[in-house]
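First comes the structure, then the notes that go with it.
Order of appearance sets the numbers: ligands from 1, and atoms from 1 within every ligand. Worth knowing before you read on, the calculation uses all heavy atoms, side chains too, and leaves out hydrogens, waters and symmetry mates. Computed from a prediction, not measured in an experiment: that's the story for all the values here.
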Amino acid sequence: MQEASERSAGIVLFRKDGNRKLFLLLHYPSGHWDFVKGRIEKGEDEKQAAIREAREETGITDVEFIDGFEEKIHYTYQYDGKLVKKEVVFFLGITKTSDVTISHEHLDHVWLEYDLAHSKTTYQNAKNLLQKSKSLVFAS
Ligand code: ATP
């Protein structure tokens with residue numbers, strides 16, 4: 001089978017609501033719930049791509065990165081007879097915006113507290129990201 005590779009960047013994005021910390025998940029057309037992410041385009045660095053994707057996919061423009069979080073995940077999937085090997089780098093970000101305008105690329109969005117977000121995210125590697133972000137999020 002032919003192989004292709006893909007690199008994306010994303011953000012484990014949260015906001016404060018009183019004492020609560022809420023995480024943003026998107027419903028992808030292929031069925032899974034995951035964080036904001038998308039392809040890194042030519043001329044962009046990873047953080048620029050992550051910020052652009054957040055803006056395009058949610059309308060959120062006030063993302064502030066939290067230092068000390070940069071996690072890569074890897075997975076493969078088949079598309080058009082090709083085996084696509086994908087790497088996604090995730091940062092941790094906070095926003096003050098609660099209103100989300102999703103693009104045509106997604107079906108829905110939800111803001112959830114940690115435990116619910118952990119069960120809602122589809123893939124184990126995404127759950128692991130959430131777990132790794134926990135201490136930084138609750139210290140902020
Ligand atoms: P991007 O948001 O980077 O533009 P995309 O929307 O084109 O990506 P993916 O979300 O990477 O596509 O989904 C492509 C395929 O990989 C789908 O079949 C999806 O179910 C699967 N997939 C997505 N995320 C993961 C993951 N974290 N672990 C394993 N498989 C995944």
Open item on the list: Between E6 and Y77, is there a side-chain donor-acceptor contact under 3.5 Å, judged purely by atom types and distance?
Closed with: yes

Task: Ionic contact status for E3 with K85, cut-off 4.0 Å - done: yes

What are the polar N/O contacts of ligand 1 with the protein below 3.5 Å, with distances?
from     : atom 1 : to   : atom 2 : distance (Å)
ligand 1 : 2 (O)  : K37  : O      : 3.1
ligand 1 : 2 (O)  : K37  : NZ     : 2.8
ligand 1 : 3 (O)  : S8   : OG     : 2.7
ligand 1 : 3 (O)  : K37  : NZ     : 3.4
ligand 1 : 3 (O)  : K86  : NZ     : 2.7
ligand 1 : 8 (O)  : K37  : NZ     : 3.2
ligand 1 : 8 (O)  : K86  : NZ     : 2.9
ligand 1 : 10 (O) : H32  : NE2    : 3.1
ligand 1 : 10 (O) : K37  : NZ     : 2.6
ligand 1 : 11 (O) : Y75  : OH     : 2.6
ligand 1 : 11 (O) : K86  : NZ     : 2.7
ligand 1 : 20 (O) : Y123 : OH     : 2.5
ligand 1 : 24 (N) : Y75  : OH     : 3.4
ligand 1 : 27 (N) : N125 : OD1    : 2.8
ligand 1 : 27 (N) : N125 : ND2    : 3.3
ligand 1 : 28 (N) : N125 : ND2    : 3.1

Open item on the list: My understanding is that only residues two or more places apart in sequence, or in another chain, count here; which of them pass side chain to side chain contact (heavy atoms under 4.5 Å, CB included) with S135?
Closed with: none

TODO: Check side chain to side chain contact (heavy atoms under 4.5 Å, CB included) between K47 and all other residues, then give those that pass, not counting sequence neighbours.
DONE: D45, F65, F91

- [ ] Can you sort out the partners of E56 under salt bridge (charged side-chain N to carboxylate O under 4.0 Å, His left out), two or more places apart, ordered by chain and number?
- [x] R52

- [ ] Could you tell me whether a side-chain N or O of K127 sits under 3.5 Å from a main-chain N or O of A117, the two making a donor and an acceptor?
- [x] no

